[in-house]
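Labels below follow one simple rule: chain letters A, B, ... track the order of the sequence lines, proteins then strands, and each chain is numbered from 1. Side chains included, hydrogens not; waters and symmetry mates left out as well; all remaining heavy atoms used. Everything numeric here is computed off the predicted structure, so don't read it as measured data.
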Amino acid sequence: MKGLFARDWAALAQVFAFLDEFAAAHRLDEPVRYTVALAVEELFTNMIKYHGDGAPEIPLHAEVVDGAVRIVLEDHDVERFDITEVPARDIDKPAPQRRSGGLGIHLVREMMDDFRYEYKDRCGTITIVKRLE
Amino acid sequence: MFEITKTEEGKIELTGRFDASQVARAQEVFDTVKGTCVIDCSNLEYISSAGLGILLATYKRLHADGDTLRLQNMRKLVRDVFRYSRMDTIFEVE
């Protein structure tokens, strides 16, 4: 399945609807649905926050291949920013020293089985993979 | 769909999907919290880092006065997000 979504907070509901349709078509169980939706939300909203001047729409591809869910998000007309190289957060710090920034990327790393970034022709492509049990 | 309700007793009830598009709405309610607050999560189906960020900021504000957030009745998948983020070591989770 392929979807095309406005680089806008208001598009998040449409992204979730797209993922719900994809999950229903492939009969994905609830834990997989949840973790995939969370990872896509974190990556999509990062593109809105940090690449607001990129292309107005963000293509999203979803498929089940080789026993895994594979999601690809394309961030067109942006500078290179390898999100997979963002340093790990120290999530064991006491509460007063914790920040919420970077927490989303931490969750993507924890919950996905693969998390990759490629950059070519001013397009950052993020691929996440969640294996099906 | 996301709903946030503050009861007469001061308890906060979260319902549905607490995602990044709901931050402003949730912030308005959490900004009114004073003292230790119970949050009923029995109908909370989803939370992402955006929701966790609101809870963390509220906790920090309350903690300065010795108060806390007490989260009740979390579903397993929501609880997993707290566990992966180690937020379960900050809040009181019942």
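- Looking at A:A37, the atoms closer than 4.5 Å to chain B (heavy atoms on both sides) sit in the backbone and in the side chain alike.
- Taking the ring centre of B:F2 as origin, the terminal cationic atom of B:R17 falls outside the region bounded by 6.0 Å and 45° from the ring axis.
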Before giving the answer on ring pair (Phe, Tyr, Trp, His ring centres under 6.0 Å), spell out for B:F18 and B:Y46 the whole-Å C-alpha distance, their side-chain angles and the decisive distance to 0.1 Å. CA-CA 6 Å; B:F18 190 177; B:Y46 174 97; 9.4 Å; no
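- Residue B:L55: no heavy atom, backbone or side chain, is found under 4.5 Å from chain A.
- In this structure, chain B has heavy atoms under 4.5 Å from both the backbone and the side chain of A:L38.
- Here the straight-line distance linking atom CZ of A:R7 with atom CZ of A:F44 works out to 8.0 Å at 0.5 Å rounding.
- The pair A:R122-A:D77 meets the salt-bridge criterion, with a side-chain N (NZ, NE, NH1 or NH2) lying under 4.0 Å from an Asp/Glu carboxylate O.
- The one candidate from A:D66, A:D114, A:D113 that meets the salt bridge (charged side-chain N to carboxylate O under 4.0 Å, His left out) condition with A:R131 is A:D113.
- Contacts between B:Y84 and chain A at a heavy-atom distance below 4.5 Å involve backbone atoms as well as side-chain atoms.
- With a 4.5 Å cut-off on non-hydrogen atoms, B:T89 touches chain A through its side chain but not through its backbone.
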